[in-house]
Amino acid sequence: NAGVTQTPKFQVLKTGQSMTLQCAQDMNHEYMSWYRQDPGMGLRLIHYSVGAGITDQGEVPNGYNVSRSTTEDFPLRLLSAAPSQTSVYFCASSYVGLAGAYEQYFGPGTRLTVT
Amino acid sequence: DAKTTQPTSMDCAEGRAANLPCNHSTISGNEYVYWYRQIHSQGPQYIIHGLKNNETNEMASLIITEDRKSSTLILPHATLRDTAVYYCIVRVNNNNDMRFGAGTRLTVKP
């Protein structure tokens, strides 16, 4: 299993540009999430999905779109990049374990700089 | 989900037990306590979780007080590779909206 993979690893954008961060998992997990982590801070939830065709907003959704057309993929789209979106982005997936427990598996992250 | 309070930082000697506390005084009956850690700038790694009983796995032990208002993560024999930020999170299991706080930065020293 490759687990959770994210591409690209690094990206530099100019203000106003758009792009899509890719996330894929091969564990057949129903749940997938996107977080951002600013320097010296904890992770903040952007969007999440409980299955194909279902998405919901997290703590900081503004400026980002998501869709979930397959179980495996959960791309994050930046509509018009702003310097405030400079951050490290982590994708995670999870399953329903024993007694309904959730353990999230995280990808290696995408380091995004917006100039 | 209930909020958690953790110390900002802690030190531990290599080979000794590391005890990381977490307060969650507003936890409700159906909320689990989860622990994750983040080594340097890698993605967070799941450690352990529990509801009300103490739990142990190959990585750590989780001790939850009887009133469930606080818990302690124990790394029995800390190594230099355990240096990381440790996050305590409480959440309802059917809610995938998991919120991380600032965590505790554990430094294991030789």
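Quick note on labels: first sequence line is chain A, next is B, and so on, each numbered from 1.
With no hydrogens or angles considered, a side-chain donor-acceptor pair links Tyr64(A) and Arg36(A) at under 3.5 Å. Side-chain polar atoms of Ser28(B) and Asn30(B) form a donor-acceptor pair below 3.5 angstrom.
Counting heavy atoms from C-beta on, the side chains of Ile39(B) and Thr83(B) never come closer than 4.5 Å.
If you measure heavy-atom distances from Arg44(A) to chain B, you find no contacts under 4.5 Å at all. Contact annotation for Gln37(A): only side-chain heavy atoms (C-beta onward) come within less than 4.5 Å of a heavy atom of chain B.
Within residues 63-73 of chain B, no residue has a heavy atom under 4.5 Å from a heavy atom of chain A. Within residues 100-109 of chain B, the residues having any heavy atom closer than 4.5 Å to a heavy atom of chain A are Phe100(B), Gly101(B), listed by residue number.
Put simply, the side chain of Gln25(A) never gets that close to the backbone of Gly107(A): no donor and acceptor are under 3.5 Å apart. Of the possible donor and acceptor atoms, none in the side chain of Tyr87(B) sits under 3.5 Å from a partner among the backbone N and O of Tyr34(B). Judged by distance alone, the side chain of Asp38(A) and the main-chain N or O of Met41(A) form no donor-acceptor pair under 3.5 Å. With hydrogens and angles disregarded, a donor-acceptor distance shorter than 3.5 Å links the side chain of Trp34(A) to the backbone of Phe74(A). A donor-acceptor pair is defined here as one N or O able to donate and one able to accept, closer than 3.5 Å; such a pair exists between the side chain of Thr4(B) and the backbone of Cys88(B). Using modelled atom types, one side-chain atom of Asp82(B) and one backbone atom of Thr79(B) make a donor-acceptor pair closer than 3.5 Å.
Not less than 6.0 angstrom separates the ring centroid of Phe106(A) from the ring centroid of Tyr46(B).
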